[in-house]
Amino acid sequence: MDLVLGIDGGGTSCRAALATASGTVLGRGKSGPANIMTDLHSARQNIVEAARLAFVEAGRDAEFIPQTDAVLGLAGTNVGGYKQQLLDILPFRRSLVESDAVIALNGALGDHDGAIAIIGTGSIFMSRKGAAMQTIGGWGFMLGDLGGGARIGRDLLQETLLAHDDIHPASPLTQAVLERFHGDPREIVKFAAVSKPADFGTFAPMVFDYAAHGDAVAKLVLARAVNDIEEALDTLKLSPDQRLCVLGGLAGLAAPHLSARYQNMLHAPEQDALGGAVAMAARLFGTAGAPAHV
């Protein structure tokens with residue numbers, strides 16, 4: 001079959017697109033999480049299910065999945081041996097497994113040099129200059145993800161407790177957070193003890209909202225996050241003529257707060273991450289003579 005698959009898998013969901021060898025998408029499918037570091041075998045199941053649903057939507061027989069080549073951009077590929085373990089159990093004819101940031105970069109930049117900043121629950125930064133690529137971050141909530149929604153939410157909860165203890169000044173935002181926990185700081189501690197990064201991230205939009213109204217604590221937390229983002233971008237050493245695409249669930253909220261230097265470099269992404277995976281699959285596998293192992 002003259003078809004390829006692009007797959008985008010993260011901590012929340014897995015998306016697949018079935019396309020022609022030239023990259024024209026015929027069908028899409030979506031399933032559950034596909035972070036291979038968190039749960040390798042469940043990720044594999046969700047990858048296959050998303051691919052199956054893409055075949056179904058395209059009106060093609062899913063029995064041909066083992067005869068189809070795929071490019072997969074997945075969370076969790078940058079740690080340990082999970083990538084090779086997954087390659088050993090994937091059902092596709094030929095597979096290229098990359099990080100979700102790689103397919104996002106290819107989708108956003110197309111053929112251009114530049115960089116992406118993915119600001120969602122977590123954060124990761126990547127640049128491309130010709131054949132050279134550099135990645136910063138993506139180390140997870142406990143030790144990384146600076147500037148991401150989970151860290152912003154955690155910082156807000158920390159500031160709320162500091163305000164409760166009269167160590168830092170309170171504000172309407174810290175009062176609103178405390179009210180969410182029925183005025184009991186112990187409930188904040190209990191929440192933090194059992195919460196996942198996405199749970200902390202639910203508080204991030206409050207920071208942007210209250211900052212827009214001049215709340216001092218919100219502005220402090222937001223300034224810290226923007227500084228973290230720009231430290232990473234500074235390390236990529238971008239030139240003013242290169243493109244910068246800000247992606248992820250908080251992209252629309254975070255991008256307007258970047259300094260003028262980076263504001264002037266901002267471009268809308270050409271495609272999303274799934275589109276980047278499809279484009280890579282068409283480029284790698286869409287012509288005769290593609291290598292058997294990539």
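None of these values were measured; they are calculated from a predicted model.
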- [ ] May I ask you to decide if Ala223's main-chain N or O and Asn227's side chain share a donor-acceptor pair within less than 3.5 Å?
- [x] no

For residues 202-212, which side-chain N or O atoms pair as donor and acceptor with protein atoms under 3.5 Å away, sequence neighbours left out?
from: Thr202; atom 1: OG1; to: Asp199; atom 2: O; distance (Å): 2.6

Task: Results of side chain to side chain contact (heavy atoms under 4.5 Å, CB included) for Leu247 - residues two or more places apart only - done: Ala104, Ala108, Ile116, Ile118, Cys245, Pro269

- [ ] Check whether any side-chain heavy atom of Asp8 lies under 4.5 Å from a side-chain heavy atom of Asp100, and answer yes or no.
- [x] yes

Open item on the list: Using salt bridge (Lys or Arg N to Asp or Glu O under 4.0 Å), reason through Asp113 and Lys129 one step at a time and then give a plain yes or no.
Closed with: CA-CA 5 Å; Asp113 283 350; Lys129 301 173 186 176; over 6 Å; no

TODO: Check whether Leu253 and Val246 end up in the same hydrophobic cluster, where Ile, Leu, Val, Met, Phe, Trp and Tyr are linked by side-chain heavy atoms less than 4.5 Å apart.
DONE: yes

Open item on the list: Let me confirm one number: the CD1-CZ distance from Ile119 to Phe125, rounded to the nearest 0.5 Å.
Closed with: 4.0 Å

Task: Single-linkage hydrophobic cluster Ile188~Val221, side-chain heavy atoms < 4.5 angstrom - done: yes

Task: Value rounded to 0.5 Å, distance of CG in Leu90 from CD1 in Ile7 - done: 7.5 Å

Task: Single-linkage hydrophobic cluster Val217~Val177, side-chain heavy atoms < 4.5 angstrom - done: yes

Task: Interatomic distance, Glu49 atom CD to Arg44 atom CZ [nearest 0.5 angstrom] - done: 11.5 Å

Open item on the list: Treating Asp61 as the side-chain partner and Glu63 as the backbone partner, does any N or O pair qualify as donor plus acceptor under 3.5 Å?
Closed with: yes

Open item on the list: Within this structure, what is the CG-CG distance for the pair Leu233 and Leu238, rounded to the nearest 0.5 Å?
Closed with: 6.5 Å

Considering only distance and modelled atom types, tabulate donor-acceptor pairs under 3.5 Å from the side chains of residues 132-148, sequence neighbours left out.
from: Asp145; atom 1: OD1; to: Ser123; atom 2: N; distance (Å): 3.3
from: Asp145; atom 1: OD2; to: Phe141; atom 2: N; distance (Å): 3.3

Open item on the list: Please tell me whether Tyr262 and Asp234 have a donor and an acceptor in their side chains that are separated by less than 3.5 angstrom.
Closed with: yes

TODO: Look only at the side chain of Glu57 and the backbone of Leu26, and say whether a donor-acceptor pair between them is shorter than 3.5 Å.
DONE: no

Task: Flag, side chain of Asp39 to backbone of Asn35, donor-acceptor distance under 3.5 Å - done: no

TODO: Under the side chain to side chain contact (heavy atoms under 4.5 Å, CB included) rule, collect the residues that match up with Glu179, sequence neighbours excluded.
DONE: Gln175

- [ ] If you link ILVMFWY side chains whenever their heavy atoms are less than 4.5 Å apart, which other residues fall into the same cluster as Leu220? By chain and number, please.
- [x] none

Task: Shared-cluster residues of Val278, by chain and number - hydrophobic side chains joined below 4.5 Å - done: Val25

Task: Salt bridge flag under 4.0 Å for residues Arg15 and Asp272 - done: yes

TODO: Measure the spacing between CG of Asp2 and CG of Asp69 and express it to the nearest 0.5 Å.
DONE: 10.0 Å

